[in-house]
2 protein chains.
Amino acid sequence: MRDIAEKLSISSVTVSKALNDKEGVSDELKEKIKSVAEEMGYRFNTLAKSMKEGYSYNIGVIIPERFTGTTQSFYLQFYQYISQVLDSRQYSGILHILSEEDETSVRLPRIYNERKADGFIILGQINNDYAAAIYDMDVPVIFLDFYNDQNNIDSVLTDNFYGVYEATNYLIKSGHRKIAFVGNIYATSSIQDRYLGYYKSLLEHRIRLEESYVISDRDERGRFIDIDLPADLPTAFICNCDQVAYNLINLLKKKGINVPEDCSVMGFDNDIYATLTEPQLTTVAVDMEEMSRVAVKFILEKVRDKDKKYGRTFIKGNIIYRESVRDLNN
Amino acid sequence: MRDIAEKLSISSVTVSKALNDKEGVSDELKEKIKSVAEEMGYRFNTLAKSMKEGYSYNIGVIIPERFTGTTQSFYLQFYQYISQVLDSRQYSGILHILSEEDETSVRLPRIYNERKADGFIILGQINNDYAAAIYDMDVPVIFLDFYNDQNNIDSVLTDNFYGVYEATNYLIKSGHRKIAFVGNIYATSSIQDRYLGYYKSLLEHRIRLEESYVISDRDERGRFIDIDLPADLPTAFICNCDQVAYNLINLLKKKGINVPEDCSVMGFDNDIYATLTEPQLTTVAVDMEEMSRVAVKFILEKVRDKDKKYGRTFIKGNIIYRESVRDLNN
DNA sequence: CTGAAAGCGCTTACAG
DNA sequence: CTGAAAGCGCTTACAG
């Protein structure tokens, strides 16, 4: 900046104003400054601005390691959207993958300790101790895709309840009345909410909830278990996630039950498993784009105004219609 | 820092020295300063240090968008290793996912324009124009997992050649002599190198290269095509990547050919497709950890010394033994 | 419309 | 062992 100023024998203040399109510089001079800057290959130094203003223009995005395995590109895709939205707001995203170890021992990331970010988006359930530590940070935080009732940090969530509610409605509209839900309803709050959406739809349609139609898919520690098919096979299954739908379809196939001819299956998430099944899965897609937009909007507003509160915000997903559901009306 | 200094009625210079474990402060005072800093919840402001030193202590990692789809968590996992290694060197990684649009129109990322990173690791093949623009940047760059002969940017690469060479050796040692290679050998240089490793192994074992045993898997634009099985079925296929192995196994199954009983299949990459096949795939795992370590080492050395050159560095992968290869010796 | 002065929070080189 | 001074590259508030 000083070099530019010297070259044109003006002050760096004027250069700063011109480059930032601020008032107080003649259009003519402004143009000249801009072209000289271009010519000299000038690259703005955000650091200096940051230091002056006290903003880093970075948002940290923290994803627990266990959500980033080989089979889990879901959250990483999410990050992509977040980073795009941040970019459009003149911000950069700093992705931090939180190792199991750091999470257990509650070691906050370098980007926090060194003030490299103005705020944080936590993407994916973290343990309570870590959540508490984050709550104590003197930096704005948003939880994305999960919440935690220990402390009231603002959260942006998939509307699990209404997502499965609508999915179940769709099955019923397609003529199904014997519908099972697959998922351990005690395992996570999101499975529980999905289950309740299923239940609400049944209630509204005066369909009795059959105990044998609520089928566990994992143990309390989250490990998948073999799925027990009920003796009286339903005409449709609604699974709490695509991976389980994938497993279920393979199981049905092995037993000689064709999907969707003999039995329909729906998933939730629209992740990689949704297109790996044969037939491909009709499922509920999380609206990552909208969720990212909202999360970024919230966090940036919180950066400017520490006292903003949003509570829990639910974003509805969309049903993606593919091949795994049969319409019984025809 | 000033607050701490005031509280102890000393100067901020002394505080700085104490916190950085530099010489010139008595141990006693150093301890006191540290505990007061802790107490006051002091967080270091890297920005100021950065500005003074001219280093941001960030490394940008750029991944082209097309490598980050639902089915492609490979590079994102890679980023995880990179970010871990960076962390151990007091650096942070800034992940930038390069959109198709920005790549085509050669729009350099904000983190470059705003000097938010001291250097860049480009993870995954980018087009020539973009590579040229990067070459012109006045910032150190390393290509990871690909190279580009238009310009001689230092690259850290999987040893495709020796990886498939060893995989083919393994098949031969398992009694196979009729071995086919699956991959369009004109599509990318990495497929080509893998093919040549296969060929070298055949040569060394005096096995004739059958033209009909080199089978294309994709068109020139990289889109997968149907695989044409040769009339005379080989006893083993070596595929240029796991996804193609996945497709091949499904094709073989459809034709009633059992893997590995009737026919063995090997992959390359050890990505999600390797564990999605039934049986699971014996494949060559890219050594992401070592590659990340080397790439970070190189980039950080280049940051301190712009003139360092490394050329192309090849890192060997490891064979992961699973269920898709049959030992014909028994 | 233009610019001199002060300051953001740190570190380095030097003086005491 | 301790500290006063200068400077990193920008911006803001004010004066001319």
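Here is how names work: the chains are called A, B, and so on, in the same order as the sequence lines, proteins then strands, and each is numbered from 1. The basis for the numbers below is simple: all heavy atoms, side chains too, and nothing from hydrogens, waters or symmetry mates.
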_If I take atom CG in residue A:L8 and atom C1' in nucleotide C:dT2, what distance separates them, rounded to the nearest angstrom?_
13 Å
*asked:* Using whole Å, what does the distance between atom P of nucleotide D:dC10 and atom CZ of A:R43 come to?
replied: 11 Å
_Atom-to-atom span, CD of A:E23 to P of D:dT12 - whole angstrom_ = 13 Å
*Nearest listed nucleotide, side chain of A:S26, among C:dT2, D:dC10, D:dC1*: C:dT2
_Base-pairing mate for C:dG3 - Watson-Crick or G-U, with both contacts under 3.5 Å_ = D:dC14
*asked:* At 4.0 Å (heavy atoms only), tell me whether B:I10 reaches a base, stays on the sugar-phosphate, or touches nothing.
replied: sugar-phosphate
*Whole-Å distance between C:dG7 C1' and B:L47 CG?*
15 Å
*Could you state the atom-to-atom distance from CG of A:N20 to P of D:dA13 in whole Å?*
14 Å
_Atom-pair distance (OH on B:Y55; P on D:dG7), nearest Å_ = 20 Å
*asked:* Closest approach to the side chain of B:K17, judged atom by atom: which nucleotide of D:dT11, C:dT11, D:dG3 is it?
replied: D:dG3
*Candidates D:dT2, D:dG9, C:dC10 - which lies nearest the side chain of B:N45*: C:dC10
_Pairwise 5' ranking along DNA chain D for B:D27 and A:Y42, keeping only the more 5' one_ = B:D27
*Whole angstrom is fine here: how far is it from OH in B:Y57 over to P in C:dT11?*
9 Å
*Could you tell me whether the phosphate oxygens of C:dG3, OP1 or OP2, come under 4.0 Å of any side-chain nitrogen or oxygen in A:T14?*
yes
_If we check side chain to side chain donor-acceptor pair (under 3.5 Å) with A:D154, which of these qualifies: A:K308, A:K309, A:K302?_
A:K302
*Has the side chain of A:S105 got a donor or acceptor atom that lies under 3.5 Å from a matching backbone atom of A:E101?*
yes
*Protein-nucleotide distance (B:E53, atom CD; D:dG7, atom C1'), rounded to Å*: 13 Å
*What's the closest nucleotide to the B:V13 side chain, out of C:dC8, C:dA5, D:dG3?*
D:dG3
*Determine whether any donor atom in the side chain of B:K52 lies under 3.5 Å from an acceptor atom in the base of D:dG9, or the reverse, and answer yes or no.*
no
*asked:* If you assign B:M51 and B:V25 each to the DNA chain D nucleotide with the nearest heavy atom, which residue ends up on the more 5' nucleotide?
replied: B:V25
*Return no unless some side-chain N or O of B:K49 is found under 4.0 Å from OP1 or OP2 of C:dT12.*
no
*asked:* Is the positively charged end of B:R304 above the ring of B:Y55, judged by distance under 6.0 angstrom from the centroid and angle within 45° of the axis?
replied: yes
*asked:* Does either side chain, that of A:N152 or that of A:Y135, offer a donor lying less than 3.5 Å from an acceptor on the other one?
replied: yes
*Cation over ring, A:R115 on B:F44, under 6.0 Å and within 45°?*
no
